[in-house]
Asks: 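Sending over a structure as structure tokens; questions will come in a sec.
Labels below follow one simple rule: chain letters A, B, ... track the order of the sequence lines, proteins then strands, and each chain is numbered from 1. Here the structure is a predicted model, which means the values were calculated and not measured.
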2 protein chains.
Amino acid sequence: MSEGQQRTPLYLKVAADLRTAITAGEYGSGAKLPAEDELARRYGVSRGTVRQALAALRTDGLITSRRGTRRVVLGAPRLHSFGELRSFTRWARSLGEEPGGRVVALDRVTANEEEAERLRLAEGAIVYRVRRLRTLSGAPVMVERTTYPERIGELVAGMPLDTVSYSEQLELHGVLFADARHTIDLVRADEDDSELLGCPSGEALLRERRHSTDPAGTPVEWSQDRYLPGTVAFTMQSSMATTALGRRLSQ
Amino acid sequence: MSEGQQRTPLYLKVAADLRTAITAGEYGSGAKLPAEDELARRYGVSRGTVRQALAALRTDGLITSRRGTRRVVLGAPRLHSFGELRSFTRWARSLGEEPGGRVVALDRVTANEEEAERLRLAEGAIVYRVRRLRTLSGAPVMVERTTYPERIGELVAGMPLDTVSYSEQLELHGVLFADARHTIDLVRADEDDSELLGCPSGEALLRERRHSTDPAGTPVEWSQDRYLPGTVAFTMQSSMATTALGRRLSQ
DNA sequence: GAGTGGTCTAGACCACGTA
DNA sequence: ACGTGGTCTAGACCACTCC
């Protein structure tokens, strides 16, 4: 018997069901969720599976939890999936905006010290540097400077210059993104930024630096994105239990 | 027999042990961790406990994981604990810097619309607005505007004006912080910011807005912090499995 | 095919909150 | 005292990777 269907884990189905129930307002903000045992009975699964589902909602910031009382609904979160976070294109689409992009430069070079370290390559290894201007409904929003290791850069270099989403294309080629580390701070626009974004040189920009790895832990991308003021805000959720967020001194 | 000792969960001990082993360099970046069964045997715990420990390292961005292969070490993360993230004082101390603060204004007022919504209070409820200048080793770094619900504001108002850490004092009074939602973007310094921070009016500042709740899900704080450029960077970790991070359009 | 992580179950005991 | 979530165990089966 062929089982063509992709099986979703049980706990994800439970989580999805609870998530829709919450966002549909079945539990108001501040309401109490049913007990774990009750949910287990209701969904016909074990308590462990329910706990796995609830943990997912917890890290999304949808609910609290503490020993001794029922879980409490915090409210709808409006955070983004990993895909929307990683891909400008997906993010734009999820907002109903029309994403655009234009490659400004694409170079095949030997990695400098920082690139080699970030991408965990030997010094002098080949990398591809891509600079792109990203637009939202035609208006310039962000300048993206990305360095790819050779294997992935080759794929990027082979794509048409007007490719809207590299991420999606790369995924079609089997390049998977699994983890990312982000740093957000403020920088001044240099001459290139100023020309591309149409802002004064020296203007403050919101900068996100992103270091992504595939499921095997191999670095696949090292990027530096600079956003015009007023175009973007980053949001995140942290909790006593799970925190993957920090604050650093600059540089 | 009295058991005076506070018991730490087993899985946290295992996680701490693995964390130190990793940061001590026992596993180089890119190295493979022992299998779950092996770790379970080594620590004398069940596989479930090992998995709980590994999950913690995963959300810290220390390791990857995928079906079929051993977990791979990504490297030392340098993210902060929830406490260090929430408290300017704790953060500063963890860097070896000397935190300071000065209360600029403390008002007992009726909540405006935004405050009422954020703190989930009825419109017209009493809140406390506190404005403080925060310093690092004497140098101005950040202006903090915080709104507290009445119950907590009363505690804050009763503290000496030179109290360095409200957070720690509040915890001593039994006020616990459990979850927080953060938004990071860029704003222009207004007259007050400019005077306190000693920067030109209109200067770009890095802004963090923070909305914290206690373990019961009750809002305890709504704060807006404005950092001088070049003093701070925010870092975070996201992964395909667990993402509590997003990107929004401004406002 | 062997090894490994992902999912799931069933049951136990404990720590905390509330009444 | 009781209900609830947090921790922990033991065992099962599956999906994936790599040899």
Asks: Would the distance check show the side chain of Arg70(A) and the main-chain N or O of Leu33(A) forming a donor-acceptor pair, the cut-off being under 3.5 Å?
Replies: yes
Asks: For Arg145(B), enumerate each residue passing the salt bridge (charged side-chain N to carboxylate O under 4.0 Å, His left out) test, keeping only those at least two apart in sequence or located in another chain.
Replies: Asp190(B), Asp193(B)
Asks: In this structure, how many angstroms lie between the P atom of dT4(C) and the CG atom of Leu39(B), rounded?
Replies: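 Whole-Å distance recorded here is 11 Å.
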Asks: For nucleotides 4-10 of chain D, read 5' to 3', which letter fits each nucleotide if B means a protein heavy atom sits under 4.0 Å from the base, S means only the sugar-phosphate is that close, and - means neither?
Replies: BBBBSB-
Asks: Cation-pi check, Arg51(B) to Tyr11(B): give yes when NZ or CZ is under 6.0 Å from the six-membered ring centre and within 45° of the ring axis, no otherwise.
Replies: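 That pair does not qualify as a cation-pi contact.
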Asks: Indicate yes or no: does Arg90(B) engage Glu171(B) in a salt bridge with an N to O separation below 4.0 Å.
Replies: yes
Asks: Quick one: Asp214(B) CG to dG17(C) P, roughly how many Å, whole number?
Replies: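 One finds 11 Å between P of dG17(C) and CG of Asp214(B), rounded.
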Asks: Looking at Arg93(B) and Glu168(B), does any basic side-chain N land under 4.0 Å from a carboxylate oxygen?
Replies: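 Answer for the salt bridge query: yes.
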